[in-house]
Amino acid sequence: MRLSRDFFYTLREDVRDEDSASGNLLTRAGMIRRMAAGVYMMLPLGLKAMEKIDAIIREEMVRAGSVELRMPALIPEDVYIASGRREAFGASMFALKDRGGRPFVLGPTHEELFAVAARQAIHSYKDLPLSLFQFQTKYRDEPRPRFGLIRVREFVMKDAYSFDLDLEGLDHSYQAMFDAYKRAFDRMEIKYAIVTADTGAMGGLLSEEFQALCPIGEDILVMNEESGYASNLEVAACPKPEPSTEEHRTPRAVPTPGQKTIEDVTNFFGETAERFVKTLIYMADGRPAAFLVRGDHEISEVKAMKLAGCHELEMAPPEVVEEVTRAPVGFAGPIGLEIPIYADYSVMAMANMITGGNEADMHIVDVNLEDFQITASGDIRQIHEGETTPESGGPVHFRRGIEIGNTFKLGEKYSMAMDLFYTDSDNQRRPVVMGSYGIGPGRCLAAIVEQNHADGRIFWPRAVAPIEVAIVVVSTKNEAQVAVAEGLYESFQQAGYDVLLDDRDERAGIKFNDMDLIGAWLRVTVGRGVAEGKVELKLASSDDVEEVAIADAPARVAELLGH
RNA sequence: CGAGGUGUAGCGCAGUUGGCUAGCGCGCCUGCUUUGGGAGCAGGAUGUCGGGGGUUCGAGUCCCUUCACCUCGACCA
């Protein structure tokens with residue numbers, strides 16, 4: 001690009017309302033611009049970086065044997081009703097009607113459409129396996145977009161789908177995609193962890209996430225480096241404690257006026273939180289249910305949903321809490337509840353616990369398991385840092401990650417819903433076994449910047465730098481300099497580099513600063529050295545400046561770029 | 001959805017108890033000087049003060065309303 005003519009600008013100051021380094025730097029570098037909450041313009045330089053990321057992903061997809069196509073974003077609503085996901089996505093789906101009043105949605109993900117498309121091509125076991133992918137815009141009406149490109153409402157996703165005969169075939173397809181993902185992220189030089197994750201709204205058998213390690217990441221990763229254990233906090237298994245050997249006493253009510261929170265009550269009783277049980281009232285698929293966790297623990301809603309076997313779980317509104325506990329919010333307890341009660345393993349190990357009294361200003365002490373009826377017990381809490389589980393093999397610690405990729409073994413869920421079957425060699429009709437695999441290229445871009453910036457400038461990994469070579473003409477009034485710069489520009493373009501010519505009539509300092517901000521990988525300075533037949537080369541990653549003869553510049557640049 | 005906050009020039013901001021032509025820095029335009037790390041001097045342009053309504057002789061400022069955006073929360077009863 002030639003700056004005197006191209007669409008290019010930078011901002012000198014930090015941008016208001018950009019709460020992440022990547023959002024701020026990409027905006028200042030003139031690569032992106034926010035239009036609305038979670039909606040961004042992708043400007044030429046940002047688009048260039050995106051295209052490089054896309055190209056890497058595309059190459060790895062093709063290498064893994066996947067075939068590219070493109071689905072619509074505008075989709076009749078009944079496609080998602082058929083799979084039962086219209087409800088699962090709920091308000092996070094952008095919904096609209098056409099002029100005839102027919103309901104449409106903007107697709108948040110495309111398992112259904114791919115299943116529908118595959119129906120045309122898959123009839124026999126001879127048609128399998130098959131792998132398809134696309135780069136396509138998704139729409140999700142996030143409750144709270146934030147962190148620049150990291151949580152947005154409109155974004156391009158690379159999504160791929162595998163179709164296999166059986167679970168064994170799925171394992172192969174999954175592994176091929178998994179390896180492709182690793183190669184792609186390695187080429188982008190992203191520092192990431194792979195964690196087991198919740199299958200969530202996708203459903204299915206297994207989910208693993210590729211998480212770019214980064215302090216502003218929204219996911220908490222539970223890890224143990226020695227054993228290689230890594231799991232999303234949502235699903236990280238907790239240790240199962242030994243039952244208490246304390247002798248069980250008889251429950252008795254104790255007045256606790258105004259003591260509602262665990263903190264209140266621990267102070268009131270002068271006991272540690274481990275002696276208390278939190279009774280959380282939820283709506284599980286619309287019906288109230290109680291979940292018990294120890295006072296010092298936090299519930300994992302993902303695990304709780306699995307234990308309760310429900311698809312939707314949200315905190316019950318105060319009216320419901322008051323109805324089922326017959327007490328104001330803050331005094332719920334298991335004794336006398338007439339709704340299903342699910343208990344965490346740690347509660348199963350407790351004795352003489354303190355619970356709410358289901359009565360205003362009342363708690364009950366010395367409660368034991370025999371004093372109430374439990375529907376089911378299981379691991380429904382979040383693990384704490386420092387705990388050890390059989391899986392982790394040692395104490396876990398937490399890190400934060402940005403989810404840049406996710407792989408799912410879906411199984412037969414969508415095939416069954418969308419009627420995707422094949423005939424096997426014994427003339428039996430069988431559901432196709434599917435997998436789905438997503439990468440957020442925009443999140444990759446953001447994660448790369450988060451991981452590679454300092455002093456208000458971006459340091460791009462080699463493979464994704466939008467500008468490989470920036471030619472800075474120090475003085476555009478100096479004809480000799482301009483001629484040399486133009487010659488090099490032409491030569492670098494011929495060589496196929498991503499090259500930028502800063503021929504703006506600006507002072508050298510402005511140009512140098514701008515090239516630093518946008519993270520030009522290699523800078524060629526065409527200035528006073530031209531009089532002696534020389535130009536200067538400088539890598540963004542180093543402070544060293546190398547003088548070379550103009551005639552030698554193309555060869556040396558090629559060498560530095562590794563072309 | 002709950003709570004809080006912010007909307008004033010392209011960007012970042014100030015604007016007193018309501019007061020007369022609405023300011024500052026950067027950027028932009030013109031000229032001169034300068035010219036290797038965000039130049040200097042002089043001159044200049046640019047505003048539905050988020051929108052609508054109201055109070056008032058007079059509103060960026062007060063009131064009502066609405067929209068947008070941001071932060072925290074929306075699991076701990």
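Letters A, B, ... are given to chains in the order of the sequence lines, protein chains preceding strands, and every chain is numbered from 1. Just so you know, these numbers use all the heavy atoms, side chains as well, and skip hydrogens, waters and symmetry mates.
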* Mind checking whether Tyr342(A) and Phe291(A) have parallel, tilted or perpendicular rings, split at 30° and 60°? -> parallel
* Among Lys511(A), Arg2(A), Arg5(A), which residue meets the side-chain contact (heavy atoms from CB on, under 4.5 Å) test with Arg504(A)? -> Lys511(A)
* To do: For A22(B) versus A14(B), give the span between their C1' atoms, rounded off to a whole number of Å.
  => 11 Å
* Give a yes/no answer on whether the side chain of Arg381(A) brings an N or O atom under 4.0 Å of OP1 or OP2 in C75(B). => no
* Asked: Going by distance alone, is a donor N or O of one side chain under 3.5 Å from an acceptor N or O of the other, for Thr325(A) and Asn358(A)?
  -> no
* To do: Kindly indicate whether the side chain of Arg16(A) and the base of U6(B) share any N or O donor-acceptor pair separated by less than 3.5 Å?
  => no
* Asked: Would you say the base of G25(B) and the side-chain of Glu13(A) have a donor-acceptor pair closer than 3.5 Å?
  -> yes
* To the nearest Å, how far apart are Arg507(A) CZ and U33(B) P? -> 14 Å
* Asked: Considering only heavy atoms and no angle criterion, is a donor-acceptor pair shorter than 3.5 Å present between the side chain of Asp14(A) and the base of G12(B)?
  -> no
* Asked: Atom CD of Glu506(A) and atom P of A39(B): how far apart are they, to the nearest Å?
  -> 9 Å
* **Presence of Arg12(A) side-chain N/O under 4.0 Å of G27(B) phosphate oxygens OP1/OP2** => yes
* Any strand is fair game: report the nucleotide pairing with U16(B) by Watson-Crick or G-U wobble, both distances under 3.5 Å, or none. => none
* Ignoring hydrogens and angles, are the base of G10(B) and the side chain of Arg33(A) linked by a donor-acceptor pair under 3.5 Å? -> no
* Between Phe331(A) and His363(A), is the gap from one ring center to the other below 6.0 Å? -> yes
* Once you round it to whole Å, what is the distance between C1' of A77(B) and CE of Met283(A)? -> 15 Å
* **U71(B) versus C29(B) - spacing of their P atoms, nearest Å** => 34 Å
